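Just so it is clear, the structure is predicted and the values come from calculations on it, not from any experiment. Indexing begins at 1, ligand by ligand and atom by atom, following the structure's order. Residue numbers run from 1 in the order of the sequence given. Both backbone and side-chain heavy atoms feed into the values below; hydrogens, waters and symmetry mates do not.
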Amino acid sequence: MHNLMQDWPMLVGRIIDHAARFHPKRKLITRSVEGPIVESTWAKTRANSLRVSQALQKLGIGSGDVVGVMAWNTGRHMEVWFGVPGAGAALHTLNPRLFADQLVYVINHAEDKVLMIDHDLVPIIEAIWDRLTHVKHVVILTDADHMPDTSLPDVTCYEEWIAEGDGDFDWVKVDETNACGICYTSGTTGNPKGVVYTHRSNTLHAMASVQPDMLGLSSSDTIMPVVPLFHANGWSIGYAAPMVGARMVMPGRDMTPGALHEMLQIGRVSITAAVPTIWMLLLQHMEAEGLTLEALERVVIGGSSCPRAVIEKFQNNYDVQVLHAWGMTELSPLGTVCSFKPEVLEMESAARVDVQETTGHPPFTVDIKITDDAGQTLPWDNATQGRLWARGAAVVGRYLKADEHAADADGWFDTGDVSTIDENGYMRITDRSKDVIKSGGEWISSIELENVAVGHPDVAEAAAIGVPHEKWDERPILVIVPRPGATPEKQAILDLVGTRFAKWQVPDDVVFMDEIPHTATGKISKLNLRKILQDTGYKLPG
Ligand code: ADP
């Protein structure tokens with residue numbers, strides 16, 4: 001009696017079919033790139049996605065082809081999000097903030113044949129056009145009235161292009177293990193690496209991420225992804241929202257705190273997601289302007305460590321629950337989310353916030369472990385730090401065009417992160433393995449130093465790095481960007497750190513800078529920071 005159930009390949013087209021069939025009128029509200037706030041529905045989004053698939057097929061695009069998309073979070077982007085895999089092709093998300101050389105590299109490496117880009121991003125492609133090796137067509141994601149003047153040859157206007165089709169089309173039938181999307185890692189070391197998601201991995205990953213202990217997403221929610229769809233598979237929200245028929249609010253390209261607050265309010269958003277920096281700026285803005293949040297219930301914070309002050313402010317001042325999450329491009333991206341298990345709900349509220357500084361526990365489909373450098377498994381005692389490994393249904397097996405596997409024979413992928421795990425399975429990222437500060441054979445967590453330092457009221461941003469030291473190997477220093485108008489004192493910051501760290505872990509120095517370098521995904525670039533300190537001849541005191 002083998003396999004008597006139906007053959008039901010997990011193709012992402014089924015997700016938008018479900019949304020259009022059972023939640024047809026649920027809205028997508030967008031601050032359009034052209035300016036005005038516009039509305040669509042799941043039914044209309046599906047209809048236009050089918051037109052995109054149809055139009056791509058007419059261009060000769062199908063299974064095995066790659067379509068690059070460089071666009072802000074909009075309803076139109078969602079049409080393309082399903083239209084490209086619906087044609088059998090893979091959607092390659094492009095980050096407009098990448099340096100030109102990196103963009104050229106990823107577009108050529110993935111062999112993008114078509115580019116679909118927002119009209120304001122055209123100059124970025126114009127500047128690199130001569131270096132693109134495979135691109136044959138460019139579609140501008142706008143209507144006829146907003147088509148820009150461009151030096152690009154033969155550009156197509158999206159709205160006119162899809163209007164030519166009648167949408168009488170079936171999603172191209174591909175195997176569920178066919179490529180569905182491609183997202184490159186940021187390439188802080190060497191060239192970016194391409195992670196190729198399949199229809200199956202994206203579907204399973206979205207099913208895992210909507211669960212109650214993960215995002216807890218339902219048809220009663222309104223979700224606003226502030227995290228761009230081009231960051232790490234858009235944190236899966238582009239699949240998770242239609243899978244449950246949630247309402248969507250799309251912020252477009254305006255990421256200023258005022259604009260985001262406006263969208264949260266007018267869209268009556270119940271759950272939103274982005275990196276900590278976005279929320280620090282929003283909280284500052286709301287405090288300065290005396291603003292409130294009426295509908296927001298949950299905020300997903302990940303991508304880098306979320307400082308305790310941000311968790312406390314959201315929960316205590318605005319009654320918004322923080323869901324601290326850890327993930328990476330290679331994991332599609334969600335690995336763990338910090339929701340409360342019964343063991344945590346029993347705790348006093350301060351102890352619960354301690355737990356929220358961890359990044360939580362994995363859903364079914366993700367497994368994690370920590371080991372020492374020799375590969376020996378380490379205990380889950382909330383104290384022992386080790387290399388963090390992950391495996392699962394939506395974890396990378398091999399990078400695009402790589403000869404080697406990315407995981408070992410048992411499927412374990414070395415995340416490059418360092419963490420502890422507690423007895424309840426809550427995982428705390430303490431560092432990236434290349435950033436951990438090694439002093440006298442002991443490890444000091446740069447992330448924890450930074451989180452304490454940004455708790456100082458005069459500190460806007462903090463980076464802890466190890467500086468070579470003759471006796472101790474490395475000693476930590478803090479690089480601090482003061483809040484505008486503030487002049488924090490070195491000793492006051494070190495005293496604050498001293499309240500949470502042992503004496504030998506307290507940094508040897510504090511260096512003030514107007515600005516700290518960031519990567520294209522908005523994270524602190526310790527590589528560049530180290531270079532700046534080196535170039536300016538920085539020396540440890542004493
Ligand atoms: P990159 O930062 O290289 O562009 P990703 O966007 O995939 O790549 O980021 C993954 C990395 O971000 C993780 O390996 C981890 O170091 C870091 N990260 C993600 N979430 C968290 C978190 N909540 N706390 C600390 N670090 C995090």
Which residue from His324, His231, Lys523, Met328 reaches closest to atom 6 (O) of ligand 1 through any of its heavy atoms? Lys523
Can you tell me if Pro333 has a non-hydrogen atom under 4.0 Å from ligand 1? no
Could you check whether Thr430 and Gln385, counting side-chain N and O atoms only, form a donor-acceptor pair closer than 3.5 Å? yes
Could you name the option among Asp417, Thr359, Asp435 that has the heavy atom nearest to atom 13 (C) of ligand 1? Asp417
Could you work out, for atom 27 (C) of ligand 1, the closest of Gly302, Pro192, Ser304, Gly335 by heavy-atom distance? Ser304
For Ile429, the ligand 1 atoms with a heavy-atom partner under 4.0 Å come out as 25 (C), 26 (N)
Does Arg308 pair with Glu357 as a salt bridge, N-O distance under 4.0 Å? yes
Is Gly327 close enough to touch ligand 1? Criterion: a residue heavy atom under 4.0 Å from a ligand atom. yes
Per-atom contacts of ligand 1 with Gly303, taking only distances under 4.0 Å to non-hydrogen atoms: 12 (O), 17 (C), 18 (N), 19 (C), 20 (N), 21 (C), 27 (C)
Return yes or no for this condition: an N or O of Ser305 is under 3.5 Å from an N or O of ligand 1. yes
Report yes if Ala232 has an N/O atom closer than 3.5 Å to an N/O atom of ligand 1; otherwise report no. no
Please state whether the rings of Phe82 and Tyr239 are parallel, tilted or perpendicular, taking 30° and 60° as the class boundaries. perpendicular
Ligand 1 atoms in contact with Trp326 (distance to a heavy atom under 4.0 Å): 13 (C), 15 (C), 18 (N), 19 (C), 20 (N), 21 (C), 27 (C)
Do the numbers put Arg352 on top of the ring of Phe340, so that NZ or CZ is under 6.0 Å from the six-membered ring centre and no more than 45° off the axis? yes
Would you mind checking if Asp417 and Lys434 are paired as a salt bridge, meaning a charged N to carboxylate O distance below 4.0 Å? no
Side-chain donor-acceptor pair under 3.5 Å between Glu330 and Tyr399, yes or no? yes
Looking at Leu103, Thr93, Leu115, Asn95, which one forms a side chain to side chain contact (heavy atoms under 4.5 Å, CB included) with Met70? Leu103
